[in-house]
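Only one structure is covered here, and it is reproduced in the block below.
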Amino acid sequence: MDKSMLGDLPPLSDEDNLRMSAMIDQLQIRDSLRMYNSLVERCFNDCVDTFKHKSLQKQEESCVRRCAEKFLKHSMRVGMRFAELNQGAATQD
């Protein structure tokens, strides 16, 4: 984070740093679970047609695999683009 964005805020105490770190960890876990749930829901809805069999059929399995790969590639690309934009904004200051 750019220090100029913090203004005249005093530095955090060790206790506050620990709490902030724990909150950031919780947010990252929550976001990871949210992304995973979104992936499962989207790919299941797009690929699974019937419940006639106990396991996925070949076409359903390949559809889920393609869907998951596309979703993860898209998520990685969005993350990379966000990092690029964030870095560009930091260098403009």
Side-chain angles (χ1 to χ4, degrees):
M1 178 185 297
D2 186 6
K3 295 204 186 267
S4 66
M5 292 174 63
L6 297 176
D8 295 329
L9 293 175
L12 297 175
S13 68
D14 289 342
E15 183 180 329
D16 288 339
N17 277 331
L18 286 173
R19 272 191 277 179
M20 185 65 73
S21 180
M23 285 175 28
I24 289 170
D25 288 344
Q26 287 176 346
L27 289 172
Q28 288 175 334
I29 290 170
R30 185 195 69 194
D31 288 344
S32 295
L33 289 172
R34 189 176 286 160
M35 185 176 92
Y36 177 78
N37 287 335
S38 176
L39 165 69
V40 169
E41 183 178 357
R42 177 175 294 179
C43 293
F44 181 85
N45 289 336
D46 288 350
C47 297
V48 178
D49 298 324
T50 66
F51 294 98
K52 292 180 183 178
H53 299 87
K54 192 175 183 179
S55 59
L56 292 175
Q57 298 298 299
K58 257 190 189 241
Q59 70 274 9
E60 291 173 332
E61 190 174 334
S62 64
C63 177
V64 168
R65 187 176 296 114
R66 279 192 317 272
C67 178
E69 287 173 0
K70 285 181 181 181
F71 186 90
L72 293 174
K73 285 179 183 178
H74 171 75
S75 296
M76 288 174 43
R77 179 63 186 132
V78 168
M80 288 172 42
R81 184 67 179 136
F82 179 75
E84 291 169 4
L85 292 172
N86 198 23
Q87 187 176 11
T91 59
Q92 290 178 352
D93 292 336

Item to check | Other ILVMFWY residues reachable from Ile29 by side-chain steps of under 4.5 Å | outcome: Leu33

Checklist entry - Which residues satisfy the side-chain hydrogen bond (donor to acceptor under 3.5 Å, both in side chains) test with Gln28, sequence neighbours excluded? => result none

Checklist outcome for this item: Besides Leu18, the hydrophobic cluster formed by Ile, Leu, Val, Met, Phe, Trp and Tyr side chains linked at under 4.5 Å, directly or via other members, contains none

Item to check | From Ser21 atom OG to Asp14 atom CG, the distance as rounded to the nearest 0.5 Å | outcome: 12.0 Å

Checklist entry - How would you list, by chain and number, every residue that makes a side-chain hydrogen bond (donor to acceptor under 3.5 Å, both in side chains) with Arg81, sequence neighbours excluded? => result Glu84

Please list, one pair per line, the donor and acceptor atoms closer than 3.5 Å that link side chains of residues 42-55 to other protein atoms, with sequence neighbours excluded.
{"residue": "Asn45", "atom": "ND2", "partner": "Glu41", "partner atom": "O", "Å": "3.2"}
{"residue": "His53", "atom": "ND1", "partner": "Gln57", "partner atom": "NE2", "Å": "3.0"}

Next on the checklist: Among residues at least two apart in sequence or on other chains, which ones pass salt bridge (Lys or Arg N to Asp or Glu O under 4.0 Å) with Asp25?
Outcome noted: none

Please output the side-chain donor-acceptor pairs of residues 66-78 that fall under 3.5 Å, not counting sequence neighbours, one pair per line with the distance.
{"residue": "Ser75", "atom": "OG", "partner": "Phe71", "partner atom": "O", "Å": "3.0"}

Item to check | Set of residues satisfying side-chain contact (heavy atoms from CB on, under 4.5 Å) with respect to Ser32, sequence neighbours excluded | outcome: none

Checklist entry - When rounded to the nearest 0.5 angstrom, what distance separates CE in Met23 from CD in Gln26? => result 8.0 Å

Next on the checklist: Please determine whether the number of non-hydrogen atoms from other residues, nucleotides or ligands lying under 6.0 Å from atom CG of Asp31 exceeds 12.
Outcome noted: yes

